[in-house]
Amino acid sequence: MSAYKSEFLNILAERGFIHQVSEPEALDARAKDGTLTAYIGFDCTAASLHVGSLLPIMMLYWLQQTGHRPIALMGGGTTRVGDPSGKDESRRILTDEMIEQNLVGIRAIFSKFLKFEGAGGNAIMANNADWLNTLNYIDFLRDVGRHFSVNRMLSFDSVKMRLERQQELSFLEFNYMVLQAYDFVELHKRYDCALQMGGSDQWGNIVNGIDLGRRMANAHLFALTAPLITTSSGAKMGKTAAGAVWLNANMVSPYDYWQYWRNTEDGDVARFLKLFTVLPLAEIARLAALQGAELNEAKKVLATEATALVHGRQAADAAAETARKTFEEGALAESLPTVEVARAELDKGLGVLVAFAEKTGLVSSNGDARRQIKAGGLKVNDATVTDEKMTLTPKELTPEGVIKLSLGRKKHVLLKPI
RNA sequence: GGGAGAGUGUCCCGAGCGGCAAAGGGGGCGGACUGUAAAUCCGCUGGCUAUGCCUUCGUAGGUUCGAGUCCUACCUCUCCCA
């Protein structure tokens, strides 16, 4: 299907990563003949990246796998300003220390996907704070600003839409694309970076960088964007009621991460296998051909493979096994998420409400626990709780020495006395 | 600078004669049905030491037995004029 000559673009195309490419033939030739250096920018507004960032990470992964050099650019500088695009709530001002902390967490994730310099690879982690923080406004205007045509900037969709809808567009926001364009040129100078990738919403910003590169450095740069990924039912990726699906194990356990993928909608399985696992396409085609309930097998593979990428093979297999015991055997898997309680509390009787709301956090409050009991949603050792005054005592301990608390049929936590 | 309007349940959108824990959606959660899916149907969707108490309608005051609702000031946003 793909007409590309380079392995890199072929893989991206076959797996569904490509939305738009600038000068595909020229980029293709470049990727075929030599080592291509490409980057993607990431905000560091949180201590971890979430599933929504996985797509760009995978693009960098394939870039490196096909013999090229990826740059993960941390937005240490741009985060200080705060990306204003999420307009509703004024964003928290992050201190430099927090940004630095977040960087550490995010860096850990990248090391799972990319081999960095000093660790046997050629991937680079850059931080735009290194050049943005020290910018001098006047110098910047003279060196960079003069290359930007406001007339042209106004013609970009992102800007045009705002103007047409007569929504406010702050000067700060207007400048964001300038800073991003500058990043691209800076990376070109420093690392001979020739390609910027990103989500489809980044197209305009990336193209700006290409133009700036040509004007400032006579550079020939490229853009490649990925489609916006939503689930079949139209929801954005990576959000659940419990919050974002983070990639760091201490924020979302491998088991929960596995569950997230296991619950993929039917219509998304094939697409997600291609995007979020590194299985061969032939294998994916076989899995995607499964029909009806058989598709569950494909979902398990998806869950395990996706989890293995982020948390390692061992954790992925463990999560799969825990799920198998819990859901397929109805047995008690000891590796379910566990919460410890003091033995004394159990001895004198622990109220179900407290156990669910305060100990496990399965529900958000006592009131919520009551509501769930009324709706038949809470279970103790697989028996539906009918009395909100029920107390948990050592009698409830299973032979394994734990008490299994469940919310609905999917969420389980073990209570363990210590 | 002048004029007009708006900010509601901390997920979002949105009604709200002075008696309001506050209509209705969306989303989410739970139940039924299934395949740990989707669709569909049903229930729930401020907190608590709970027949009551506490906190919520931009912020701070005021009027009133009682204020989301009226008054004053302030903040923020939008629109129109200059």
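Every heavy atom of this structure was used, including side-chain atoms; hydrogens, water molecules and symmetry mates were not. Convention: sequence-line order gives letters A, B, ...; per-chain numbering from 1. Treat the numbers as computed from the prediction; the structure is a model and nothing was measured.
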If the [atom1] atom of [N] is compared with that of [M], how far apart are they to the nearest Å?
N: B:U8; M: B:G68; atom1: C1'; result: 7 Å
N: B:G18; M: B:C70; atom1: C1'; result: 8 Å
N: B:U64; M: B:C71; atom1: C1'; result: 12 Å
N: B:U72; M: B:G3; atom1: P; result: 15 Å
N: B:U45; M: B:G26; atom1: P; result: 15 Å
N: B:A37; M: B:U78; atom1: P; result: 44 Å
N: B:A22; M: B:G46; atom1: C1'; result: 11 Å
N: B:C12; M: B:G58; atom1: P; result: 14 Å

Grab the [atom1]-[atom2] distance between [X] and [N] for me, whole Å please.
X: A:Lys299; N: B:G35; atom1: NZ; atom2: P; value: 12 Å
X: A:Leu405; N: B:G30; atom1: CG; atom2: P; value: 15 Å
X: A:Gln372; N: B:G30; atom1: CD; atom2: P; value: 7 Å
X: A:Asn263; N: B:A38; atom1: CG; atom2: P; value: 8 Å
X: A:Lys410; N: B:C29; atom1: NZ; atom2: C1'; value: 12 Å
X: A:Arg262; N: B:A38; atom1: CZ; atom2: C1'; value: 13 Å
X: A:Leu353; N: B:C48; atom1: CG; atom2: C1'; value: 12 Å
X: A:Asp368; N: B:C11; atom1: CG; atom2: P; value: 13 Å

Exercise. For residues 312-328 of chain A, which residues have at least one heavy atom under 4.0 Å from RNA chain B?
Worked result: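 Of all residues in residues 312-328 of chain A, the ones placing a heavy atom under 4.0 Å from RNA chain B are A:Ala323, A:Phe327.
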Pair partner, [N] [Watson-Crick or wobble, under 3.5 Å]:
N: B:G52; answer: B:C48
N: B:G30; answer: B:C42
N: B:C17; answer: none
N: B:A37; answer: none
N: B:U72; answer: B:A60
N: B:G66; answer: none
N: B:G5; answer: B:C77

Could you work out which one of [options] sits closest to the side chain of [X]?
X: A:Lys411; options: B:G35, B:C29, B:U36; answer: B:C29
X: A:Ser365; options: B:G30, B:C48, B:G35; answer: B:C48
X: A:Leu407; options: B:A37, B:U36, B:G30; answer: B:G30

For this session: Select from A:Trp258 and A:Ala375 the residue whose nearest nucleotide in RNA chain B is closer to the 5' end of that strand.
Result: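 So the residue in question is A:Ala375.
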Exercise. Given that A:Ser364 and A:Thr264 both sit by RNA chain B, which one's nearest nucleotide is further toward the 5' end?
Worked result: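 Nearer the 5' end of the strand: A:Thr264.
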May I ask you to test the [X]-[Y] pair for a side-chain heavy-atom distance under 4.5 Å?
X: A:Leu212; Y: A:Phe184; result: no
X: A:Leu27; Y: A:Glu23; result: no
X: A:Asp143; Y: A:Phe140; result: no
X: A:Leu224; Y: A:Met59; result: yes
X: A:Asp183; Y: A:Leu132; result: yes
X: A:Met125; Y: A:Met74; result: yes

Base, sugar-phosphate alone, or nothing: which one does [X] contact when heavy atoms must sit under 4.0 Å apart?
X: A:Lys374; answer: nothing
X: A:Glu294; answer: nothing
X: A:Arg371; answer: sugar-phosphate

Exercise. Is the shortest side-chain N/O distance from A:Arg370 to OP1 or OP2 of B:C29 below 4.0 Å?
Worked result: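 No, no such contact exists.
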Exercise. Name the one of A:Asn128, A:Asn205, A:Asn208 that satisfies side chain to side chain donor-acceptor pair (under 3.5 Å) with A:Gln180?
Worked result: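 Per the side chain to side chain donor-acceptor pair (under 3.5 Å) rule, the option paired with A:Gln180 is A:Asn205, out of A:Asn128, A:Asn205, A:Asn208.
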For this session: Just say parallel, tilted or perpendicular for the rings of A:Phe276 and A:Trp261, cut-offs at 30° and 60°.
Result: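 Tilted.
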Exercise. Hey, does the side-chain of A:Asn366 have a donor or acceptor N/O within less than 3.5 Å of a partner on the base of B:G47?
Worked result: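 Looking at the base of B:G47, it does not pair with any donor or acceptor on the side chain of A:Asn366 (distance under 3.5 Å).
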Exercise. Between A:Phe110 and A:Phe42, does the ring centroid distance fall short of 6.0 Å?
Worked result: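 Yes, close enough.
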Exercise. Listed by chain and number, what are the side chain to side chain contact (heavy atoms under 4.5 Å, CB included) partners of A:Lys404, not counting sequence neighbours?
Worked result: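 With sequence neighbours excluded, A:Lys404 shows a side chain to side chain contact (heavy atoms under 4.5 Å, CB included) to A:Thr326, A:Leu332, A:Leu336, A:Asn381, A:Asp382, A:Ser406, A:His412, A:Leu414, given in chain and number order.
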Problem set entry | B:C71, syn or anti by chi within 90 degrees of zero |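 Glycosidic conformation of B:C71: anti.
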